[in-house]
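Computed over heavy atoms, backbone and side chain alike; hydrogens, waters and symmetry mates excluded.
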Amino acid sequence: MDILRDLNERQKEAVQFKDGPLLVLAGAGSGKTRVLTTRIAYLIQNGVDPDNILAITFTNKAAGEMKGRIYKLIGYFAKTMQISTFHSFGLKIIKENYEYLGYDKNFVIFDSDDTLTIIKKILKDKNIDITKFNPRTIRSTISSLKNELESPSMYKNRAFTDFDKLVAEVYEEYENTLQKNNSLDFDDLLILPIKLFSERHDILESYQEKYKYILIDEYQDTNEAQYKLTKLLANKYKNICCVGDIDQAIYGFRGANYRNILNFEKDYKKAKIINLEENYRSTKTILQAANSVIKNNKNRKEKNLFSNLEIGDKISYYRASSGLSEVKFVVSKITELKKTVSLNDMVILYRTNAQSRSFEDGLLKANIPYKIIGGVNFYNRMEIKNLLAYLRLIHNSNDDVSLERIINVPKRGIGVKTLNNLLETSREKNKSLYDAIETGKELQFKKIIEELKTKKDTMPLTEFIDLVLDKSGIREEYQNEKTLDADIRLENLEEFKSVAKSFEEENGVISLEDFLLNVSLITDNSEITDTSSKNNAVSLMTIHAVKGLEFDYVFLVGMEENLFPHSNSLFSLEEVEEERRLCYVAITRCKKKLFLTNARIRLLYGMDQINPVSRFIKEIDDDLLDNIGIKVITNEDDNFYNKNNYDEFKKVDEKYQEMDYNNNISLNKVDLNTTYTNSDIKYEVGDFVYHENFGAGRVIEVIENKKNPKASLLKIAFKLPYGVKTLIYSHKSLRKV
DNA sequence: GCCTAAGTGCTTTTT
DNA sequence: GCACTTAGGC
């Protein structure tokens with residue numbers, strides 16, 4: 001079979017390029033995955049041993065998909081090939097070298113929840129006020145440091161502010177705690193292999209020999225650690241093929257650095273570079289919209305992505321009066337579409353997970369099946385985490401974090417006091433909490449675990465899980481409760497068992513150890529949330545989660561300033577540009593028809609927010625947009641709100657909601673007869689104002705300039721998604737409401 | 001030690 | 001709006 005048959009010239013070139021460094025700059029929808037998979041097949045057809053190929057993707061989903069596609073091309077060989085995410089590849093290396101790295105065989109991986117618990121505990125021990133220093137911020141700072149390969153001692157030398165000094169201390173303590181618990185965090189999965197390779201050249205060389213051909217997907221999203229890891233591995237043979245697109249770099253917040261792409265030529269002399277610029281996915285209209293948005297980024301390389309597909313439909317833009325009416329609009333469109341189109345071809349995309357709920361409600365009411373990808377995690381539910389903690393403790397009795405979690409679950413009368421005593425003893429005797437248990441109710445708990453330990457290797461995993469549920473008393477507790485909530489939790493536990501079962505079916509007999517390690521890798525992002533779905537369902541997900549996928553019909557919702565671009569990003573150009581790339585990713589997922597929506601007022605986190613139209617909408621050429629319903633983006637329209645006081649917003653909105661849904665036209669006739677002038681406005685504390693970028697706000701302080709009253713400043717409180725932000729402004733950028 | 005009520009702070013995106 | 005924490009009564 002001719003695997004090259006359907007490729008264009010550029011794609012062929014990329015596939016056939018054999019030895020040496022190769023960078024493929026692949027625009028959205030240009031057949032990137034196809035090139036990668038075909039290239040792998042081609043290498044194998046031309047004599048490369050599949051065992052010598054390493055392919056790295058970003059998500060488990062992408063890895064799975066790539067495996068499937070290679071399997072289709074070349075069959076059997078695909079099974080043994082190493083196709084995985086950076087993190088699972090790292091885990092593999094660690095498993096093969098745990099002793100050298102100083103871990104016991106039964107090490108476990110802590111997810112971000114566990115690590116947060118550790119950080120909180122360290123802060124408590126140090127008597128640090130948690131309200132002053134946010135544990136999450138500390139955690140993410142430590143994570144960034146780790147990904148930048150900066151050790152606690154290195155960081156100490158350059159920590160000068162109070163916060164930095166604290167982080168340095170906590171970081172050191174945190175690393176000790178992980179070590180003591182015989183555990184790793186996610187970042188360690190990348191760092192430890194690097195450590196291993198840097199210290200042991202012989203080991204590095206054996207891996208270099210094994211992985212003679214390396215392929216990396218989504219290269220623009222690699223961070224320092226990932227970059228370093230690939231560089232080490234590729235250093236000997238330099239058969240490295242990286243694929244990426246700077247315009248789709250959306251993981252800067254996690255330390256990814258798209259400049260790794262720009263530096264490729266410096267890193268690998270005589271690198272071959274191939275541009276893929278023909279888009280096979282989207283209509284001309286959609287592609288043009290995407291291009292007109294992304295061209296506003298200053299930090300990028302100009303490129304010319306084109307489509308030879310039809311012009312297609314215009315993009316529908318709907319500005320709803322409220323969050324609710326935005327939902328109604330989307331649901332009504334889906335209802336209409338589903339008469340002729342499969343629900344599987346539709347997706348609702350949003351910037352933040354919090355936005356999914358209202359769409360869920362709407363779809364539920366309309367009886368439209370949907371599935372949520374990502375979002376509130378199955379593995380994050382209390383009952384699952386508790387069960388996992390049991391399993392982990394059984395597997396690794398040094399795991400203090402898990403022990404603390406479950407020693408009193410279900411209630412055994414072991415409270416704070418007992419636990420503190422136990423902590424004391426464990427510290428004195430330098431033992432793990434588990435080993436420090438000698439008396440009392442704790443001992444009964446220990447006996448349960450001991451008994452389970454002896455049984456763990458005597459039965460299939462699913463049976464063992466049942467045993468844990470019974471012996472621990474978890475099942476009994478929920479059964480006795482007889483509430484809907486408890487029933488759901490029981491169901492979730494059953495669901496967890498079936499996850500274990502499918503692991504067994506896939507891999508044959510699986511040890512508790514392998515199960516735990518595998519589960520922790522999918523822990524933080526699953527696609528299990530699958531509420532009402534059969535085989536036919538609308539997908540809901542964040543834009544981050546949709547990367548790499550495509551849909552005929554895309555609803556991109558919440559196109560408002562503060563939401564998208566997100567309010568946290570507005571203060572830095574770099575971050576706004578990342579938001580813009582995110583928008584580019586969202587638009588380019590769409591094959592046939594794109595819907596953009598937003599709301600004038602929305603209820604978020606319990607408060608009303610009034611946001612301006614997203615700048616990304618304004619960046620799209622007007623003639624590509626088809627405005628449905630009320631007339632939009634005109635100044636008159638925005639002024640409509642500005643002319644009212646805030647309390648009236650809501651009343652007007654209620655009216656709007658009825659009207660714009662049933663009778664769009666009448667809205668244009670609304671005239672409030674209020675005049676508005678820009679000069680000589682006196683502001684007082686309590687006045688409502690409207691700002692171009694931040695939306696509605698309220699004056700909390702007037703800082704007068706007596707000499708020049710017009711230069712007086714105002715302290716304004718804006719209601720942003722997570723509370724109130726105060727900013728100081730001159731009159732100029734504001735309008736009184 | 002356990003339970004409840006009240007209070008607080010928060011959520012950008014993910015392996 | 002929610003999840004998590006804390007205080008105080010039992």
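In terms of phosphate contacts, N568(A) brings no side-chain nitrogen or oxygen within less than 4.0 Å of OP1 or OP2 of dT13(B). For the pair N353(A) and dT11(B), the criterion of a side-chain N or O lying under 4.0 Å from OP1 or OP2 is not met. Between K120(A) and dT5(C), a side-chain N or O to OP1/OP2 separation shorter than 4.0 Å is present. OP1 or OP2 of dT14(B) sits under 4.0 Å from a side-chain N or O of T542(A).
Taking the six-membered ring wherever Trp is involved, the centroid distance between the rings of F89(A) and Y211(A) falls below 6.0 Å. Close placement of the F253(A) and H544(A) rings is indicated, their centers lying within 6.0 Å of each other. Ring to ring, Y219(A) and F86(A) are not that close: their centroids are 6.0 angstrom or more apart.
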Before you tell me yes or no, could you show the steps for E481(A) and R489(A) under side chain to side chain contact (heavy atoms under 4.5 Å, CB included), namely the whole-Å CA-CA distance, both residues' side-chain angles and the distance that decides it to 0.1 Å? CA-CA 11 Å; E481(A) 228 179 90; R489(A) 292 186 194 280; over 6 Å; no
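Computed from coordinates, the H544(A) NE2 to dT14(B) C1' distance equals 8 Å when rounded to whole Å. Per the geometry, CZ belonging to F253(A) stands 13 Å off C1' belonging to dT11(B), to the nearest Å. Between N147(A) atom CG and dT14(B) atom P the separation is 16 Å, expressed in whole Å. Regarding K547(A), its NZ atom lies at a distance of 12 Å from the P atom of dT14(B), rounded to whole Å. Look at CZ on R139(A): it is 13 Å from P on dC10(B), rounded to the nearest Å. Following rounding to the nearest Å, E481(A) (CD) and dC3(B) (P) show an atom-to-atom distance of 11 Å. At whole-Å resolution of the value, CD in Q355(A) and C1' in dT13(B) are 11 Å apart. Distance, R581(A) CZ to dT13(B) P: 18 Å, rounded to whole Å.
In this structure, R412(A) and R351(A) both approach DNA chain B, and ranking their closest nucleotides by distance from the 5' end singles out R412(A). Residue whose closest nucleotide on DNA chain B sits further toward the 5' end, between V416(A) and I250(A): V416(A).
Nucleotides dT12(B) and dT5(C), compared at atom C1', are 24 Å apart to the nearest Å. Taking atom C1' in both dT13(B) and dC4(C), one finds a spacing of 23 Å when rounded to whole Å.
Both the sub-6.0 Å distance and the 45° axial angle are not jointly satisfied by R581(A) relative to the ring of Y584(A).
Once the 5.5 Å centre distance and the 30° plane angle are applied, the aromatic ring of Y251(A) is found not to be stacked with the base of dT13(B).
Ranking dG1(B), dT11(B), dT14(B) by closeness to the K417(A) side chain, first place goes to dG1(B). When the nucleotides dT13(B), dC10(B), dT14(B) are ranked by their closest atom to the side chain of N134(A), dC10(B) comes out on top. Taking every side-chain heavy atom of R357(A) into account, dC2(C) is the closest of dC2(C), dT14(B), dT12(B). Taking the side chain of N408(A) as heavy atoms from C-beta on, and the options dT14(B), dT12(B), dC2(B), the nearest nucleotide is dC2(B). Residue T418(A) has its side chain nearest to dG1(B) when only dT12(B), dT14(B), dG1(B) are considered. Side-chain proximity of E575(A) to the nucleotides dC3(B), dT12(B), dT14(B) is greatest for dT12(B).
Backbone-only engagement by I414(A) is indicated by non-hydrogen atom pairs under 4.0 Å involving sugar-phosphate atoms exclusively. Using a 4.0 Å heavy-atom distance criterion, F564(A) is classed as making no nucleic acid contact. If you check every strand for non-hydrogen atoms under 4.0 Å, E578(A) touches nothing.
For the side chain to side chain donor-acceptor pair (under 3.5 Å) test with S143(A), the passing option among D187(A), D185(A), T115(A) is D187(A); the others fail.
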